[in-house]
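Before we start, here is the structure in question, set down as structure tokens.
Keep in mind the model is a prediction, meaning the values are calculated, not measured. Because only heavy atoms are used, hydrogens play no part in the values below, and waters and symmetry mates are left out as well, while side chains stay in. Counting starts at 1 for both ligands and their atoms, following the listed order.
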Amino acid sequence: MPIVRVAGIEIRIHATFLILVALFAFGSSARGGPGVVGGLLWLAVIAACVVVHELAHSIVAIHRGATVREIVLLPIGGVSKLENLPETPRDEFAIAIAGPLASFGIAALGAAIAGLFGQSLLPVDLYGGPILHKVVWFNLIVGAFNLLPAFPLDGGRVLRSLLERRFDLERATRHAARIGRIVALAMMAIGIFADWWLVFIGVFVYFGAAAEEAATIVHIRLKGLRAKDVMLLNHVTAAELLEHDAPVVAPTADVEREVIPALTASPSHAVVVTESSRPIGVIREEDVEHLIKVDGPERTS
Ligand SMILES: [Zn+2]
């Protein structure tokens, strides 16, 4: 989909975003609505506000040593794809809080402009009101919503970075994920009575919290592990596997970044570790699986 570049960061629109374009065009064409052009203009403004929010995350992340691959616009919001994220709680806090602060910043700017022209921002109307008013309210809502203490929302990351003052990363992640699930359930419960959209977002947050927890724990367990740390010294099997085109990795290959992708691609669910093209060991899928098995939530170690 159409690509823009801002400050060296690629901004991409996901194909599913077209659903939102259709919804806005259709919804705005109704009698008494802002009209198709007005509706699509408002969608473009919303998208721009979301991009500013994501750019704020990305720019702070770059300043703290991360690489930003791209920003993708989805119907439910934007996602910044970051790599080599710094892992100190301080960095996580700064990167996470930057987005909501940017949203509040846009809202404050809009409110100031409205104030300059003596306009009142009330009543709240995200549908038919003047675009400046809608920008203020939309960004206030986006900022506040993202600060909810629930993974994978920004507030969840802020919460985890604060919990890391008392707990290690794994426990802080578990606690933050649990709070995130509770917030998600509350959203769903409130949504049933208030707005089905909130139920939908609650489901998204609930599973997002679980996915974030699992991914973080895999990362913690595998951090710094090399192929030679997890391989079995089985030369016969190694030679056999090589005959069946099993992928090959170096003893120093990083488990998380190199061994797991090789395992995923391996038809025999195993990779051979070679040194100077001589097989010295074997890593099977189950050898890595037992390392990253996520145990019950009350695990202590
Ligand atoms: Zn954000």
So, do Val136 and His133 sit near enough that their side-chain heavy atoms are less than 4.5 Å apart? no
Check His53 and report its N/O/S atom nearest to the Zn ion (ligand 1), by atom name.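 Closest N, O or S atom of His53 to the Zn ion (ligand 1): NE2.
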For residues Arg160 and Thr173, is any side-chain donor paired with an opposing acceptor at under 3.5 Å? yes
Inspect the contact between Arg221 and Glu170 and indicate whether a charged nitrogen and a carboxylate oxygen are less than 4.0 angstrom apart. yes
Short check: any N/O/S atom of Glu54 below 2.8 Å from the Zn ion (ligand 1)? no
Smallest separation among heavy atoms of Pro149 and Ile179, with atom names: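 In this case the closest contact between Pro149 and Ile179 is O-CG2, 3.7 Å.
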Of all N, O or S atoms in Asp154, the one closest to the Zn ion (ligand 1) is OD2
